[in-house]
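Shown next, in structure tokens, is the structure this report addresses.
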Amino acid sequence: MRMYDVIVKKRDGHELTKEEIEFFVEGYTKGEIPDYQASAFTMAIYFQSMTEKETAILTQAMVDSGEIIDLSGIEGHIVDKHSTGGVGDKVTFIVGPLVASAGIPVAKMSGRGLGHTGGTLDKLEAVPGLEIEMSKEDFIYNVNKHKLAVAGQTGNLAPADKKLYALRDVTGTVNSMPLIAGSIMSKKLASGADSIVLDVKTGSGAFMKTLEDSEALAREMVNIGNNLGRKTVAVISDMNQPLGFEVGNANEIKEAAEILQGKKVEDLRKLSLEIASHMTVLAGAFESYEEAYHTLEQNLENGKAFKAFRTFIEAQHGDVSVIDDLSKLPAAKHVIEVLAEENGYVTAIDAESIGVAAMYLGAGRATKEDRINHGVGITLNKKIGDSVTVGEPLVILHSDNKDAADSVEKVKEAYTISSEKVEAPSLIHKIIK
């Protein structure tokens, strides 16, 4: 088989066979197929796309290119969730304990963040002492005993995807729906869960800015999961403003803990219950979504979910006293108010600009070498639909720099204030099963 023939076949819009796709993935991973041919191939996919069957085969080949986590030692049906990323997205810290409180095992492999805030692991490390590197045996033990563990991903999950993504990033072929979906799902499938719930964001702070693109990506990923034997559901949720009121690392751990203690932050609470409900239904704990939602809502109110969170922190050697007294979490040196400069109503918040403002403070990484400052971040006082008066604080910056001029400017750019009141955007746009 020649790579040249595979490239031409896809260039001309024909469906590739399983053998042809596997030939490419194996050859490129081993370095037998050069970058210039792989570039031509991904560009052919970019223009001609792939069928549902081709995308599933490509994803499975990327899964098979490296280590597949064996979680057979975990008792019960394992569920996982994945978010396509957003600003203020601390849902994992609420959903994990919620699902665990229903007796369902959550074995989550996560990564670090490159962007406006840290990733799941960076945020967890705002809790002093918390360990995210653990042996497979300890990981499985924690899930079996406490129903929840979060650990760093192994370096050898889907190496074909890692190599292919680096190539796509410099050849203008990132924005191909089959390649995006295959990239995300290959790592999820290699992580060993039985079922997956995907939180696909849409809007100004999301990777996919339009609902149409977000739905297309969600359908691609659900099709991949279901075609490869994993029950998969996607929730398309809004990211036209940050989720909740806190953006940062310690800030987001604090807000998640407050939700688990019963605080009513409506959008964050609703989305967490939505995702957790689908996870527990997929795992067979409840017969219906309605029953799951009702029970999990009760577990927020009666303290079961918070107890599961506290146990998880303690099991991974985190200082649980900071969860009991959230004021002990890392904090910035200065508090800076960004004030409204006109009267009216908040009609838009560019979530991405808020994220960039947080990164300028040190909450995220511009490069892989940057260090995360866990104590800095942003608190939103006003969200879409809220009224504002001149001089009223829109946002509070938690900064180690006295003026944080770049972040102040970015926050001002993010807010649109008009005389006409608007409704807050819908939180849940669609469920794809």
[atom1] of [X]: more than 12 outside heavy atoms within 6.0 angstrom?
X      : atom1 : value
Lys430 : NZ    : no
Lys304 : NZ    : no
Glu266 : CD    : yes
Glu301 : CD    : yes
Phe207 : CZ    : yes
Lys421 : NZ    : yes

Has [X] got a side-chain atom pairing as donor or acceptor with [Y]'s backbone, closer than 3.5 angstrom?
X      : Y      : result
Asn144 : Gly73  : yes
Thr280 : Ala285 : no
Gln241 : Ile349 : no

So, taking the atom named [atom1] in [X] and the one named [atom2] in [Y], what distance separates them when rounded to the nearest 0.5 Å?
X      : Y      : atom1 : atom2 : answer
Ile253 : Ile323 : CD1   : CD1   : 6.5 Å
Leu164 : Asp161 : CG    : CG    : 7.0 Å
Lys410 : Ser353 : NZ    : OG    : 4.5 Å
Lys162 : Ser186 : NZ    : OG    : 12.5 Å
Leu148 : Ile313 : CG    : CD1   : 9.0 Å

Is any side-chain heavy atom of [X] closer than 4.5 Å to a side-chain heavy atom of [Y]?
X      : Y      : answer
Thr416 : Ser418 : yes
Ile69  : Met109 : yes
Glu125 : Glu131 : no
Leu198 : Val235 : no
Asn381 : Val395 : no
Gln261 : Phe306 : yes
Val87  : Leu243 : no
Glu215 : Thr202 : no

Least distance between heavy atoms, [X] atom then [Y] atom:
X      : Y      : answer
Asp238 : Ser426 : CB-O, 3.1 Å
Thr55  : Pro178 : OG1-CB, 3.6 Å
Asn226 : Thr232 : OD1-N, 3.1 Å
His77  : Ala283 : CD2-CA, 3.5 Å
Ser277 : Leu296 : N-CD1, 3.6 Å
Ser191 : Leu157 : OG-CD1, 3.6 Å

Legend entry - Summary of salt bridge (charged side-chain N to carboxylate O under 4.0 Å, His left out) pairs that have at least one residue in residues 396-408, sequence neighbours excluded: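 Every pair satisfying salt bridge (charged side-chain N to carboxylate O under 4.0 Å, His left out) with a residue in residues 396-408: there are none.
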Legend entry - Sequence neighbours excluded, every pair satisfying salt bridge (charged side-chain N to carboxylate O under 4.0 Å, His left out) that has a member inside residues 305-314: Arg310-Asp324
With [X] via salt bridge (charged side-chain N to carboxylate O under 4.0 Å, His left out) - residues at least two apart:
X      : value
Lys270 : none
Asp267 : Lys383
Glu392 : Lys382

According to side chain to side chain contact (heavy atoms under 4.5 Å, CB included), who are the partners of [X], at least two apart in sequence or on a separate chain?
X      : result
Asn251 : Glu246, Thr379, His398
Thr171 : Ser39, Thr42, Leu167, Thr173
Ala160 : Val25, Thr29, Met62, Ser65
Asp80  : Lys108, Lys188, Ala193

Legend entry - Derivation and outcome, side-chain hydrogen bond (donor to acceptor under 3.5 Å, both in side chains), residues Asp199 and His82: CA-CA 6 Å; Asp199 181 11; His82 174 79; over 6 Å; no
Note: [X]-[Y] ion pair, threshold 4.0 Å (strictly below):
X      : Y      : answer
Asp194 : Lys231 : no
Lys53  : Glu15  : no
Lys263 : Glu255 : no
Arg365 : Asp122 : yes

Inset, instruction - Test Leu273 against every option in Asn299, Leu98, Ile259, Ile94 by the side chain to side chain contact (heavy atoms under 4.5 Å, CB included) rule and name the one that passes. - result: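 Only one of Asn299, Leu98, Ile259, Ile94 forms a side chain to side chain contact (heavy atoms under 4.5 Å, CB included) with Leu273, namely Leu98.
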Inset, instruction - Evaluate side-chain contact (heavy atoms from CB on, under 4.5 Å) for Ile21 paired with Met50, printing each intermediate quantity in order. - result: CA-CA 11 Å; Ile21 294 169; Met50 298 183 99; 4.1 Å; yes
Inset, instruction - Could you name each residue pair satisfying ring pair (Phe, Tyr, Trp, His ring centres under 6.0 Å) that touches residues 234-290, not counting sequence neighbours? - result: His278-Tyr289, Tyr289-Tyr293
Inset, instruction - Could you walk me through whether Arg269 and Glu297 pass salt bridge (Lys or Arg N to Asp or Glu O under 4.0 Å), step by step? - result: CA-CA 9 Å; Arg269 188 175 187 273; Glu297 199 169 30; 3.4 Å; yes
Inset, instruction - Start with the C-alpha distance between Lys201 and Thr84, add both sets of side-chain angles, then the distance that settles side-chain hydrogen bond (donor to acceptor under 3.5 Å, both in side chains), and finish with yes or no. - result: CA-CA 6 Å; Lys201 304 293 189 189; Thr84 57; over 6 Å; no
N/O donor-acceptor pairs under 3.5 Å from side chains in residues 330-346, not counting sequence neighbours:
from	atom 1	to	atom 2	distance (Å)
Glu341	OE2	Lys412	NZ	3.1
Asn343	OD1	Val390	N	2.8

Legend entry - side-chain hydrogen bond (donor to acceptor under 3.5 Å, both in side chains) evaluation trace for Ser399 with Asn401: CA-CA 5 Å; Ser399 173; Asn401 183 328; 5.3 Å; no
Inset, instruction - For Phe24, enumerate each residue passing the ring pair (Phe, Tyr, Trp, His ring centres under 6.0 Å) test, keeping only those at least two apart in sequence or located in another chain. - result: Tyr28, Phe41
